[in-house]
Amino acid sequence: MSVDICKLDGQDGKVLPIHVPQNVSLLETYRYVMENAADSRVADWMLMSSPFPLLGIIFLYLLFVLRLGPLWMKNRKPYSLNKIMICYNIFMSTASGTVFYGLLTSATKFSLGCEPHIVMNDPKSYRMARWMWRLLMLKVLELSDTIIFVLRKKYNQASFLHIYHHTSTVLLAWIACKFVPGGMWPFTIMPNCIVHVIMYTYYLLACLGPEVQKRIAPWKQYITGLQMIQFIIMICYTFQTLLPSCEPNRKPIAYIYMSQILIMFGMFCDYYKKSYLRKKMK
(Lines give C-alpha, C1' and ligand atoms only; values in the text may rest on other atoms or scores of the structure.)
Protein backbone atom coordinates (compact mmCIF):
# COMPACT_ATOMS: atom_id res chain seq x y z
CA MET A 1 0.00 0.00 0.00
CA SER A 2 1.45 3.36 -0.98
CA VAL A 3 1.71 6.33 1.33
CA ASP A 4 -0.63 8.34 -0.91
CA ILE A 5 -3.47 5.85 -0.46
CA CYS A 6 -3.36 6.26 3.34
CA LYS A 7 -2.70 9.98 3.36
CA LEU A 8 -5.20 12.16 5.20
CA ASP A 9 -5.84 15.87 5.00
CA GLY A 10 -4.21 18.29 7.40
CA GLN A 11 -1.40 17.77 9.80
CA ASP A 12 1.09 15.44 8.09
CA GLY A 13 4.56 15.92 9.58
CA LYS A 14 3.46 18.48 12.18
CA VAL A 15 4.30 18.61 15.86
CA LEU A 16 1.07 19.90 17.35
CA PRO A 17 1.22 22.42 20.21
CA ILE A 18 -1.00 22.02 23.25
CA HIS A 19 -0.17 25.46 24.63
CA VAL A 20 -3.51 27.26 24.72
CA PRO A 21 -3.62 30.86 23.40
CA GLN A 22 -4.06 33.50 26.08
CA ASN A 23 -7.20 35.60 26.68
CA VAL A 24 -9.65 33.14 25.14
CA SER A 25 -12.93 31.83 26.52
CA LEU A 26 -13.40 28.40 28.06
CA LEU A 27 -15.31 27.23 24.99
CA GLU A 28 -12.60 28.49 22.65
CA THR A 29 -9.97 26.80 24.82
CA TYR A 30 -11.88 23.50 24.59
CA ARG A 31 -12.21 23.81 20.80
CA TYR A 32 -8.54 24.64 20.43
CA VAL A 33 -7.44 21.63 22.46
CA MET A 34 -9.88 19.20 20.78
CA GLU A 35 -9.42 20.45 17.22
CA ASN A 36 -6.03 22.15 16.89
CA ALA A 37 -3.90 20.32 19.43
CA ALA A 38 -5.36 16.83 18.94
CA ASP A 39 -4.28 14.27 16.35
CA SER A 40 -6.71 14.71 13.43
CA ARG A 41 -6.36 11.08 12.31
CA VAL A 42 -8.36 9.76 15.28
CA ALA A 43 -11.10 12.41 15.35
CA ASP A 44 -13.78 10.26 13.67
CA TRP A 45 -13.04 7.01 15.50
CA MET A 46 -15.38 5.64 18.16
CA LEU A 47 -15.21 7.61 21.46
CA MET A 48 -12.59 9.99 20.03
CA SER A 49 -14.57 13.01 18.82
CA SER A 50 -14.80 14.44 22.34
CA PRO A 51 -14.17 13.24 25.92
CA PHE A 52 -17.88 13.21 26.81
CA PRO A 53 -18.82 9.71 25.52
CA LEU A 54 -15.97 8.19 27.55
CA LEU A 55 -16.83 10.30 30.59
CA GLY A 56 -20.41 9.01 30.26
CA ILE A 57 -19.14 5.41 30.30
CA ILE A 58 -17.02 6.13 33.37
CA PHE A 59 -19.97 7.79 35.12
CA LEU A 60 -22.19 4.75 34.50
CA TYR A 61 -19.38 2.44 35.62
CA LEU A 62 -18.90 4.31 38.91
CA LEU A 63 -22.64 4.58 39.45
CA PHE A 64 -23.03 0.81 39.09
CA VAL A 65 -20.02 -0.38 41.10
CA LEU A 66 -20.46 2.14 43.93
CA ARG A 67 -24.23 2.37 44.21
CA LEU A 68 -26.60 0.50 41.88
CA GLY A 69 -24.70 -2.80 41.81
CA PRO A 70 -24.48 -3.25 45.58
CA LEU A 71 -28.16 -2.24 45.91
CA TRP A 72 -29.15 -4.79 43.24
CA MET A 73 -27.15 -7.54 44.95
CA LYS A 74 -28.20 -6.68 48.52
CA ASN A 75 -30.84 -9.41 48.86
CA ARG A 76 -29.49 -11.73 46.18
CA LYS A 77 -27.03 -14.58 46.28
CA PRO A 78 -23.70 -13.93 44.52
CA TYR A 79 -23.57 -15.11 40.92
CA SER A 80 -21.02 -17.81 40.14
CA LEU A 81 -20.06 -16.59 36.62
CA ASN A 82 -17.27 -19.17 36.49
CA LYS A 83 -17.68 -20.06 32.81
CA ILE A 84 -18.02 -16.40 31.88
CA MET A 85 -14.85 -15.58 33.83
CA ILE A 86 -12.91 -18.37 32.09
CA CYS A 87 -13.87 -17.02 28.67
CA TYR A 88 -13.30 -13.42 29.79
CA ASN A 89 -9.81 -14.10 31.19
CA ILE A 90 -8.77 -16.05 28.09
CA PHE A 91 -9.91 -13.18 25.89
CA MET A 92 -8.29 -10.45 28.02
CA SER A 93 -4.96 -12.26 28.25
CA THR A 94 -4.92 -12.92 24.50
CA ALA A 95 -6.06 -9.37 23.67
CA SER A 96 -3.36 -7.82 25.90
CA GLY A 97 -0.69 -9.90 24.16
CA THR A 98 -2.10 -8.99 20.75
CA VAL A 99 -2.08 -5.25 21.55
CA PHE A 100 1.52 -5.53 22.77
CA TYR A 101 2.53 -7.23 19.52
CA GLY A 102 0.58 -4.69 17.47
CA LEU A 103 2.29 -1.72 19.16
CA LEU A 104 5.71 -3.36 18.92
CA THR A 105 5.44 -4.13 15.20
CA SER A 106 3.90 -0.75 14.34
CA ALA A 107 6.78 1.28 15.77
CA THR A 108 8.89 3.01 13.16
CA LYS A 109 11.57 3.43 15.80
CA PHE A 110 11.93 2.52 19.48
CA SER A 111 14.75 3.86 21.61
CA LEU A 112 15.37 4.68 25.24
CA GLY A 113 15.78 8.34 24.32
CA CYS A 114 13.21 11.03 23.58
CA GLU A 115 11.12 10.38 20.46
CA PRO A 116 8.63 13.23 19.95
CA HIS A 117 5.19 12.53 18.57
CA ILE A 118 4.82 13.81 15.01
CA VAL A 119 1.60 13.41 13.04
CA MET A 120 2.42 11.32 9.97
CA ASN A 121 0.06 9.66 7.53
CA ASP A 122 2.31 6.88 6.28
CA PRO A 123 0.86 3.36 6.72
CA LYS A 124 3.03 2.40 9.71
CA SER A 125 2.31 5.58 11.72
CA TYR A 126 -1.39 5.26 10.94
CA ARG A 127 -1.27 1.61 12.07
CA MET A 128 0.32 2.67 15.38
CA ALA A 129 -2.51 5.16 15.97
CA ARG A 130 -5.02 2.37 15.27
CA TRP A 131 -3.38 0.10 17.83
CA MET A 132 -3.49 2.89 20.40
CA TRP A 133 -7.23 3.14 19.76
CA ARG A 134 -7.60 -0.64 20.16
CA LEU A 135 -5.71 -0.32 23.45
CA LEU A 136 -8.30 2.23 24.60
CA MET A 137 -11.14 -0.15 23.68
CA LEU A 138 -9.40 -2.87 25.70
CA LYS A 139 -9.09 -0.58 28.73
CA VAL A 140 -12.80 0.24 28.49
CA LEU A 141 -13.58 -3.48 28.44
CA GLU A 142 -11.36 -3.99 31.50
CA LEU A 143 -13.91 -2.03 33.53
CA SER A 144 -15.85 -5.31 33.45
CA ASP A 145 -13.43 -6.60 36.11
CA THR A 146 -15.17 -4.53 38.77
CA ILE A 147 -18.66 -5.34 37.49
CA ILE A 148 -17.85 -9.04 37.88
CA PHE A 149 -16.61 -8.42 41.44
CA VAL A 150 -19.89 -6.70 42.33
CA LEU A 151 -22.07 -9.44 40.79
CA ARG A 152 -20.08 -12.03 42.76
CA LYS A 153 -20.28 -9.89 45.92
CA LYS A 154 -16.48 -9.68 46.12
CA TYR A 155 -16.68 -6.13 47.45
CA ASN A 156 -13.26 -6.33 49.10
CA GLN A 157 -11.73 -6.73 45.64
CA ALA A 158 -13.60 -3.67 44.33
CA SER A 159 -11.36 -1.47 46.48
CA PHE A 160 -10.59 2.22 46.03
CA LEU A 161 -7.21 1.26 44.54
CA HIS A 162 -8.85 -1.07 42.02
CA ILE A 163 -11.52 1.44 40.94
CA TYR A 164 -9.10 4.38 40.80
CA HIS A 165 -6.57 2.35 38.81
CA HIS A 166 -9.14 1.23 36.22
CA THR A 167 -10.69 4.69 35.87
CA SER A 168 -7.41 6.57 35.54
CA THR A 169 -5.99 4.00 33.10
CA VAL A 170 -8.97 4.45 30.77
CA LEU A 171 -8.58 8.23 30.89
CA LEU A 172 -4.83 8.04 30.23
CA ALA A 173 -5.43 5.69 27.30
CA TRP A 174 -7.92 8.17 25.83
CA ILE A 175 -5.51 11.09 26.24
CA ALA A 176 -2.72 9.10 24.61
CA CYS A 177 -4.90 8.08 21.66
CA LYS A 178 -6.32 11.60 21.22
CA PHE A 179 -3.07 13.57 21.45
CA VAL A 180 0.01 11.31 21.23
CA PRO A 181 -0.70 7.99 19.41
CA GLY A 182 2.91 7.71 18.29
CA GLY A 183 6.51 8.65 19.03
CA MET A 184 7.75 7.50 22.43
CA TRP A 185 4.31 7.46 24.08
CA PRO A 186 3.11 3.94 23.09
CA PHE A 187 6.15 2.46 24.86
CA THR A 188 4.83 3.71 28.23
CA ILE A 189 1.82 1.38 27.97
CA MET A 190 3.57 -1.69 26.57
CA PRO A 191 4.87 -2.98 29.95
CA ASN A 192 1.27 -2.79 31.17
CA CYS A 193 0.18 -5.10 28.35
CA ILE A 194 2.77 -7.71 29.35
CA VAL A 195 1.72 -7.52 33.02
CA HIS A 196 -1.92 -7.98 32.02
CA VAL A 197 -1.12 -11.11 30.01
CA ILE A 198 0.35 -12.62 33.20
CA MET A 199 -2.37 -11.21 35.46
CA TYR A 200 -5.32 -12.50 33.43
CA THR A 201 -3.61 -15.87 33.04
CA TYR A 202 -3.41 -16.00 36.85
CA TYR A 203 -7.11 -15.15 37.10
CA LEU A 204 -7.88 -17.85 34.54
CA LEU A 205 -6.06 -20.47 36.60
CA ALA A 206 -7.89 -19.28 39.72
CA CYS A 207 -11.18 -20.19 37.98
CA LEU A 208 -10.13 -23.84 37.76
CA GLY A 209 -11.01 -24.71 41.34
CA PRO A 210 -9.81 -24.54 44.97
CA GLU A 211 -6.90 -26.93 44.42
CA VAL A 212 -5.42 -24.79 41.66
CA GLN A 213 -6.11 -21.61 43.66
CA LYS A 214 -4.14 -23.02 46.57
CA ARG A 215 -1.15 -23.81 44.35
CA ILE A 216 -1.01 -20.43 42.63
CA ALA A 217 -1.82 -18.28 45.72
CA PRO A 218 1.88 -17.55 46.50
CA TRP A 219 2.28 -16.05 43.01
CA LYS A 220 -0.19 -13.24 43.74
CA GLN A 221 2.49 -11.33 45.65
CA TYR A 222 4.88 -11.55 42.69
CA ILE A 223 2.22 -10.27 40.27
CA THR A 224 1.70 -7.22 42.51
CA GLY A 225 5.48 -6.76 42.58
CA LEU A 226 5.54 -7.00 38.79
CA GLN A 227 2.92 -4.25 38.60
CA MET A 228 5.12 -2.04 40.76
CA ILE A 229 8.14 -2.76 38.54
CA GLN A 230 6.13 -1.70 35.49
CA PHE A 231 5.38 1.63 37.19
CA ILE A 232 9.08 2.13 37.90
CA ILE A 233 9.86 1.50 34.22
CA MET A 234 7.12 3.91 33.17
CA ILE A 235 8.33 6.58 35.62
CA CYS A 236 11.96 6.32 34.44
CA TYR A 237 10.97 6.42 30.77
CA THR A 238 8.33 9.15 31.08
CA PHE A 239 10.56 11.39 33.23
CA GLN A 240 12.51 12.51 30.17
CA THR A 241 9.35 14.10 28.75
CA LEU A 242 9.59 16.63 31.59
CA LEU A 243 13.01 17.81 30.38
CA PRO A 244 12.93 21.10 28.43
CA SER A 245 14.47 19.53 25.32
CA CYS A 246 11.97 16.63 25.09
CA GLU A 247 8.43 17.07 23.76
CA PRO A 248 8.26 20.86 24.38
CA ASN A 249 4.78 20.93 22.81
CA ARG A 250 3.49 18.06 24.94
CA LYS A 251 4.34 19.19 28.48
CA PRO A 252 0.71 19.14 29.78
CA ILE A 253 0.43 15.46 28.81
CA ALA A 254 3.80 14.73 30.38
CA TYR A 255 2.65 16.29 33.69
CA ILE A 256 -0.63 14.35 33.63
CA TYR A 257 1.11 11.06 32.83
CA MET A 258 3.84 11.44 35.43
CA SER A 259 1.52 12.56 38.22
CA GLN A 260 -0.89 9.67 37.66
CA ILE A 261 1.88 7.07 37.42
CA LEU A 262 3.41 8.34 40.67
CA ILE A 263 0.02 8.29 42.43
CA MET A 264 -0.68 4.72 41.31
CA PHE A 265 2.83 3.59 42.22
CA GLY A 266 2.38 5.03 45.73
CA MET A 267 -0.99 3.32 46.13
CA PHE A 268 0.40 -0.04 44.97
CA CYS A 269 3.34 0.30 47.38
CA ASP A 270 0.91 0.92 50.23
CA TYR A 271 -1.19 -2.10 49.17
CA TYR A 272 1.92 -4.30 48.93
CA LYS A 273 3.01 -3.28 52.42
CA LYS A 274 -0.38 -3.91 54.00
CA SER A 275 -1.11 -7.15 52.13
CA TYR A 276 2.26 -8.91 52.25
CA LEU A 277 4.97 -7.30 54.37
CA ARG A 278 2.86 -6.75 57.49
CA LYS A 279 1.45 -10.29 57.26
CA LYS A 280 4.97 -11.69 57.21
CA MET A 281 5.92 -9.61 60.26
CA LYS A 282 2.90 -10.97 62.15
Side-chain angles (χ1 to χ4, degrees), residues 46-47 51-99 134-174 189 192-224 226-227 230 260 263-264 267-268 270-272 274-276:
M46 185 186 297
L47 300 182
F52 297 112
L54 182 68
L55 291 175
I57 291 173
I58 291 173
F59 173 77
L60 293 175
Y61 162 74
L62 293 175
L63 182 64
F64 179 83
V65 301
L66 296 176
R67 183 65 180 170
L68 298 182
L71 278 176
W72 168 260
M73 296 301 300
K74 186 175 181 180
N75 299 315
R76 289 177 170 82
K77 292 181 180 180
Y79 294 99
S80 173
L81 304 179
N82 196 61
K83 291 181 180 178
I84 291 175
M85 287 192 299
I86 289 174
C87 295
Y88 175 75
N89 289 320
I90 290 173
F91 175 81
M92 295 304 291
S93 180
T94 304
S96 297
T98 303
V99 169
R134 292 181 183 117
L135 172 71
L136 169 63
M137 295 298 106
L138 184 60
K139 294 304 171 187
V140 172
L141 185 58
E142 283 178 8
L143 297 177
S144 303
D145 289 7
T146 326
I147 295 172
I148 290 172
F149 290 156
V150 171
L151 294 177
R152 298 179 67 227
K153 286 193 169 183
K154 301 288 185 179
Y155 298 128
N156 62 313
Q157 293 178 307
S159 62
F160 176 79
L161 169 59
H162 173 89
I163 294 171
Y164 183 89
H165 175 60
H166 275 60
T167 304
S168 60
T169 301
V170 169
L171 289 170
L172 289 177
W174 187 89
I189 203 67
N192 179 263
C193 293
I194 297 173
V195 170
H196 278 218
V197 171
I198 298 169
M199 186 180 75
Y200 282 109
T201 301
Y202 175 89
Y203 292 157
L204 171 63
L205 294 173
C207 294
L208 301 181
E211 186 62 33
V212 177
Q213 289 174 15
K214 188 177 178 181
R215 290 185 180 182
I216 65 172
W219 289 95
K220 188 177 180 181
Q221 177 179 349
Y222 298 113
I223 292 174
T224 305
L226 197 59
Q227 288 176 305
Q230 84 163 329
Q260 288 304 306
I263 289 170
M264 286 190 280
M267 292 172 72
F268 269 82
D270 184 62
Y271 171 79
Y272 190 90
K274 289 178 179 176
S275 300
Y276 305 115

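When all heavy atoms are compared, the tightest approach of Trp174 to Leu54 is CB-CD2, 3.4 Å. Nearest approach of Pro70 to Val150, heavy atoms of both residues: N-CG1, 3.9 Å. Across every non-hydrogen atom of Gly97 and Val197, the tightest pair is N-CG2, 3.3 Å. Here the closest heavy-atom approach between residue Ile163 and residue Ala158 is recorded as CD1-O, 3.7 Å.
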Discussion item. The test is side-chain hydrogen bond (donor to acceptor under 3.5 Å, both in side chains); show your working for Thr146 and Tyr61 and say whether it passes.
Written reply: CA-CA 9 Å; Thr146 326; Tyr61 162 74; 2.6 Å; yes
Discussion item. Run Tyr200 and Asp145 through side chain to side chain contact (heavy atoms under 4.5 Å, CB included) and show every step you take.
Written reply: CA-CA 10 Å; Tyr200 282 109; Asp145 289 7; 2.7 Å; yes
Item to complete: Tell me, with the steps shown, if Tyr271 and Gln227 meet side-chain hydrogen bond (donor to acceptor under 3.5 Å, both in side chains).
Response: CA-CA 12 Å; Tyr271 171 79; Gln227 288 176 305; over 6 Å; no
Practice prompt. For the pair Met92 and Glu142, evaluate side chain to side chain contact (heavy atoms under 4.5 Å, CB included) and give the outcome as yes or no after the intermediate values.
Written response: CA-CA 8 Å; Met92 295 304 291; Glu142 283 178 8; 3.0 Å; yes
Item to complete: Please assess Leu205 against Leu208 for the test side chain to side chain contact (heavy atoms under 4.5 Å, CB included), listing each intermediate value before the final yes or no.
Response: CA-CA 5 Å; Leu205 294 173; Leu208 301 181; 4.0 Å; yes
Item to complete: Could you walk me through whether Leu47 and Met137 pass side chain to side chain contact (heavy atoms under 4.5 Å, CB included), step by step?
Response: CA-CA 9 Å; Leu47 300 182; Met137 295 298 106; 3.5 Å; yes
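Contact check for Ile263 versus Tyr164: side-chain heavy atoms found under the 4.5 Å cut-off. Put simply, the side chain of Phe52 does not reach to within 4.5 Å of the side chain of Ile57, judged on heavy atoms. Using a 4.5 Å heavy-atom threshold, the side chains of Tyr88 and Tyr203 count as separate. Considering only heavy atoms from C-beta on, His166 stays 4.5 Å or farther from Lys139 through its side chain. Residues Val99 and Ile189 have side chains not in contact (no heavy-atom distance under 4.5 Å, counting atoms from C-beta outward). Between Leu226 and Ile194, every side-chain heavy-atom pair lies at or beyond the 4.5 Å cut-off. Contact check for Leu138 versus Ser96: side-chain heavy atoms found under the 4.5 Å cut-off. Within the 4.5 Å cutoff, no side-chain heavy atoms of Pro78 are placed close to those of Leu151.
Using modelled atom types, one side-chain atom of Ser168 and one backbone atom of His165 make a donor-acceptor pair closer than 3.5 Å. When atom types are taken as modelled, the side chain of Ser93 and the backbone of Asn89 share no donor-acceptor pair closer than 3.5 angstrom. At distances below 3.5 Å, at least one donor-acceptor pair connects side-chain atoms of Ser144 with backbone N or O atoms of Leu141. Checking side-chain atoms of Lys153 against main-chain N and O of Arg76 turns up a donor-acceptor pair under 3.5 Å. With Gln157 contributing its side chain and Phe149 its backbone, the two residues share no donor-acceptor pair below 3.5 Å.
Within the model, atoms CD1 of Ile90 and OG1 of Thr201 stand 9.5 Å from one another, a figure rounded to the nearest 0.5 Å. To the nearest 0.5 Å, atom CE of residue Met264 and atom CG of residue Leu172 are 5.5 Å apart. A distance of 9.0 Å separates CG of Leu161 from OG of Ser275, quoted to the nearest 0.5 Å. We find the OG1-OH distance between Thr224 and Tyr272 to be 7.5 Å, quoted to the nearest 0.5 Å. Atom SG of Cys207 and atom NZ of Lys83 lie 13.0 Å apart (nearest 0.5 Å). Note that CZ of Phe160 is 10.0 Å distant from CG of Leu66, once rounded to the nearest 0.5 Å.
Within a 6.0 Å radius of CZ in Phe59, no more than 12 heavy atoms belonging to other residues, nucleotides or ligands are found. Tyr222 OH: 12 or fewer foreign heavy atoms inside a 6.0 Å radius.
Taking Trp72 as the reference, nothing meets the ring pair (Phe, Tyr, Trp, His ring centres under 6.0 Å) condition, with sequence neighbours excluded.
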